[in-house]
Amino acid sequence: ITFIDRICKLSHPNLKSYISQRRVDFEVAQEFCKEIHYHINDKHYYAIAFENVDGGMEIRNKYCKRSIGKKTISVIKPNGESHSECCIFEGFFDMLTYASIKKWITGNELCLPHECDYFVLNSVSNIKVLMPYLQEYSVIHCYLDNDDAGAKTVEKIKAAYQDKVINESHRYVNYKDVNDVINGIIKPPK
């Protein structure tokens with residue numbers, strides 16, 4: 001059993017270092033994530049915490065990738081406003097990467113020129129949970145992983161929302177995901 005000791009603003013130097021290793025803007029990470037301190041048995045840990053719609057969290061640090069509480073989707077409304085279009089990401093580091101690039105480079109080839117709401121699946125298995133949320137959007141941009149699971153997930157979304165869905169993976173065709181683009185990790189050919 002995991003016991004949460006405290007949740008605070010993201011500030012730990014080791015977490016800051018991990019975020020910069022992933023080449024994500026630290027202010028962007030602070031905007032969307034928190035820092036969690038927790039313990040399991042007598043061992044104490046800390047990590048980056050990214051909340052989902054049910055109050056659960058995806059937690060990451062250099063050594064661990066896990067969830068606390070229920071694993072489900074996360075919904076982010078940049079600037080606290082709703083937008084008519086949305087972007088879907090598989091993991092929160094992809095969303096943080098997208099938001100970082102959007103902040104640093106205007107008119108880049110990866111990001112859309114306008115604001116959108118963000119959805120993070122936190123696992124492609126959460127696609128059923130996401131589906132009802134997509135009804136209100138005029139355009140749905142899919143920034144999912146360039147792999148079979150990502151392609152199948154885009155197909156499921158397209159089956160439900162047809163012409164409203166744009167598969168944006170062509171924007172990072174040589175990379176597995178959005179975070180790999182900024183880290184220059186080219187996907188090996190099949």
Side-chain angles (χ1 to χ4, degrees), residues 10 18-19 22-34 48-54 56-60 65-67 71-79 81-105 108-158 160-161 164-183 185 187:
L10 193 52
Y18 175 61
I19 289 162
R22 300 285 302 261
R23 290 191 163 80
V24 163
D25 186 287
F26 187 66
E27 285 176 1
V28 168
Q30 279 186 313
E31 183 182 345
F32 298 113
C33 304
K34 292 189 164 70
I48 301 157
F50 183 70
E51 283 186 79
N52 64 39
V53 295
D54 283 346
M57 284 171 260
E58 295 299 308
I59 60 170
R60 301 280 180 284
K65 180 178 177 175
R66 56 191 308 254
S67 306
K71 190 173 183 81
T72 187
I73 67 165
S74 300
V75 181
I76 294 97
K77 311 242 175 174
N79 315 326
E81 301 165 13
S82 290
H83 301 87
S84 62
E85 298 184 22
C86 68
C87 295
I88 303 169
F89 303 92
E90 210 158 307
F92 78 89
F93 262 99
D94 292 328
M95 187 276 293
L96 294 175
T97 300
Y98 180 95
S100 297
I101 294 172
K102 195 164 180 56
K103 176 182 172 181
W104 296 330
I105 310 163
N108 67 78
E109 291 178 15
L110 183 73
C111 302
L112 301 165
H114 51 276
E115 276 298 345
C116 295
D117 290 349
Y118 301 149
F119 289 98
V120 180
L121 284 167
N122 295 314
S123 166
V124 289
S125 63
N126 289 326
I127 188 64
K128 282 193 180 100
V129 179
L130 174 69
M131 287 303 207
Y133 285 86
L134 301 177
Q135 288 171 0
E136 65 187 86
Y137 294 95
S138 58
V139 186
I140 299 162
H141 302 274
C142 296
Y143 281 87
L144 299 172
D145 289 7
N146 264 326
D147 59 13
D148 292 340
K152 284 179 182 145
T153 305
V154 172
E155 287 312 308
K156 286 178 189 166
I157 298 167
K158 273 192 169 165
Y161 293 103
K164 289 165 63 168
V165 181
I166 301 172
N167 185 352
E168 299 290 1
S169 64
H170 66 88
R171 293 175 183 262
Y172 49 100
V173 72
N174 295 322
Y175 302 91
K176 182 181 177 284
D177 62 31
V178 177
N179 187 245
D180 281 359
V181 173
I182 207 168
N183 286 294
I185 303 166
K187 169 174 90 150

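Nothing here was measured: the structure is a model prediction, and the numbers come from that model.
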Student: Between Tyr143 and Leu110, is there a donor-acceptor pair closer than 3.5 Å when you use the side chain of the first and the backbone of the second?
Tutor: yes
Student: Are more than 12 heavy atoms from other residues, nucleotides or ligands located less than 6.0 Å from atom CD of Glu109?
Tutor: no
Student: Return the set of residues passing salt bridge (Lys or Arg N to Asp or Glu O under 4.0 Å) with Lys34 (not counting sequence neighbours), or none when no residue passes.
Tutor: Glu51
Student: Quick one: does any side-chain atom of Glu85 pair with a main-chain N or O of Cys116 as donor and acceptor, under 3.5 Å?
Tutor: no
Student: Who are the salt bridge (Lys or Arg N to Asp or Glu O under 4.0 Å) partners of Asp117, not counting sequence neighbours?
Tutor: Lys77
Student: Which residue in the set Tyr118, Phe32, Phe50 passes ring-ring contact (aromatic ring centres under 6.0 Å, His included) when paired with Phe92?
Tutor: Phe50
Student: To the nearest 0.5 Å, how far apart are CZ in Arg23 and CD1 in Ile185?
Tutor: 8.5 Å
Student: Is the shortest side-chain heavy-atom distance between Cys33 and Leu96 below 4.5 Å?
Tutor: yes
Student: Considering residues at least two apart in sequence or located in another chain, which fulfil the side-chain hydrogen bond (donor to acceptor under 3.5 Å, both in side chains) criterion with Ser138?
Tutor: none
Student: Treating Lys71 as the side-chain partner and Asn122 as the backbone partner, does any N or O pair qualify as donor plus acceptor under 3.5 Å?
Tutor: yes
Student: Do Pro78 and Glu31 come within less than 4.5 Å of each other through their side chains, counting heavy atoms only?
Tutor: no
Student: Arg60 and Tyr18: which non-hydrogen atoms are nearest, and at how many Å?
Tutor: CB-CE2, 4.3 Å
Student: Taking the side chain as C-beta and beyond, is there a heavy-atom pair between Ile157 and Cys142 under 4.5 Å?
Tutor: yes
Student: Do side-chain atoms of Asn52 reach the backbone of Asp54 as a donor and acceptor pair under 3.5 angstrom?
Tutor: yes
Student: Counting only pairs under 3.5 Å, give me each side-chain donor-acceptor contact of residues 124-135, with atom names and distances, residues two or more places apart or in other chains.
Tutor:
| from | atom 1 | to | atom 2 | distance (Å) |
| --- | --- | --- | --- | --- |
| Ser125 | OG | Ser123 | OG | 2.7 |
| Asn126 | ND2 | Leu121 | O | 2.7 |

Student: Any donor-acceptor pair under 3.5 Å linking the side chain of Asn146 with the backbone of Tyr172?
Tutor: yes
Student: Do Phe89 and Asp177 have side-chain heavy atoms sitting under 4.5 Å apart?
Tutor: no
Student: Taking only residues two or more places apart in sequence, or in another chain, which ones meet Glu27 in a side-chain hydrogen bond (donor to acceptor under 3.5 Å, both in side chains)?
Tutor: Lys103
Student: In Å, rounded to the nearest 0.5 Å, how long is the span from CD of Gln30 to CG of Asp25?
Tutor: 9.5 Å
Student: Can you tell me how far SG of Cys87 sits from CD of Glu115, rounded to the nearest 0.5 angstrom?
Tutor: 9.0 Å
Student: Check each of Ile76, Ile73, Ile88 against Val120 using the side chain to side chain contact (heavy atoms under 4.5 Å, CB included) test, and report the only one that passes.
Tutor: Ile76
Student: Mark yes or no for whether His114, through its side chain, and Leu112, through its backbone, hold a donor-acceptor pair below 3.5 Å.
Tutor: no
Student: Of all the heavy-atom pairs spanning Ser169 and Leu144, show the shortest one and how long it is.
Tutor: CB-O, 4.3 Å
Student: Strictly by modelled atom types, are His141 and Glu168 linked by a side-chain donor-acceptor pair under 3.5 Å?
Tutor: yes
Student: Taking atom CD1 of Ile140 and atom CG of Asn167, what is their separation to the nearest 0.5 Å?
Tutor: 12.5 Å
Student: Restricting to pairs with a member in residues 88-100, which pass side chain to side chain donor-acceptor pair (under 3.5 Å), not counting sequence neighbours?
Tutor: Thr97-Asn179
